Amino acid sequence: MSAAQKPLDLMRRAAGPAVALIIIAYFLGAAVIGDNGVMSWGEYRAAKTERQAELARLQQEHARLAHRAQLLDPRRTDPDLAEEMTRRELGVVRSDEVVVPLD
């Protein structure tokens with residue numbers, strides 16, 4: 001082998017491990033600072049906490065609306081709620097009541 005062949009042969013042997021190191025470095029970098037990497041965990045936790053609070057609020061609203069719907073069931077309507085809704089929607093006032101307009 002000539003003197004000119006030795007550096008070329010050395011570069012060919014080093015090319016495989018160099019490419020492997022570059023690929024490994026890429027995946028390690030993505031695992032640490034990528035969209036789903038270690039650095040994103042704090043953001044995910046904050047988003048999860050925010051969404052859990054929103055879910056709790058929506059579940060509470062759902063329970064309130066389900067209760068209201070149950071009170072409006074035509075088979076057993078709550079008389080107080082029916083009266084309240086009728087008065088509000090139709091503007092019905094009894095003769096012994098006084099209406100005070102609020103601007």
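FYI, side chains are in, hydrogens and waters are out, and symmetry mates aren't considered; it's all heavy atoms of this structure. Not measured: the values here are computed from a predicted model.
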**Message:** If hydrophobic clusters are built from ILVMFWY residues whose side chains come within less than 4.5 Å, do Ile23 and Tyr26 share one?
**Reply:** yes
**Request:** Report yes or no: do Phe27 and Val19 belong to one cluster of Ile/Leu/Val/Met/Phe/Trp/Tyr joined by side chain heavy-atom distances under 4.5 Å?
**Result:**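 Hydrophobic grouping puts Phe27 with Val19.
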**Message:** Out of the candidates Arg57, Gln52, Arg51, only one should pair with Glu54 under the side chain to side chain donor-acceptor pair (under 3.5 Å) rule; please name it.
**Reply:** Arg57
**Prompt:** Under the criterion side chain to side chain donor-acceptor pair (under 3.5 Å), which of Glu89, Glu84, Glu83 is the partner of Arg87?
**Reply:**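 Passing option: Glu83.
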**Message:** Please determine whether the number of non-hydrogen atoms from other residues, nucleotides or ligands lying under 6.0 Å from atom CD1 of Ile33 exceeds 12.
**Reply:**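 Check fails, neighbour count at 12 or below.
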**Neighbour count >12 (heavy atoms, 6.0 Å) for atom CD, Gln60** =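 No, CD of Gln60 has 12 or fewer neighbouring heavy atoms, counting only those of other groups under 6.0 Å.
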Rounded to the nearest 0.5 Å, what separates atom [atom1] in [X] from atom [atom2] in [Y]?
| X | Y | atom1 | atom2 | answer |
| --- | --- | --- | --- | --- |
| Glu50 | Leu55 | CD | CG | 12.5 Å |
| Leu65 | His67 | CG | NE2 | 11.0 Å |
| Leu71 | Thr77 | CG | OG1 | 9.0 Å |

**Prompt:** Would you say Met85 and Leu81 make side-chain contact, with heavy atoms under 4.5 Å?
**Reply:**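 Side chain of Met85 against side chain of Leu81, heavy atoms only: contact under 4.5 Å found.
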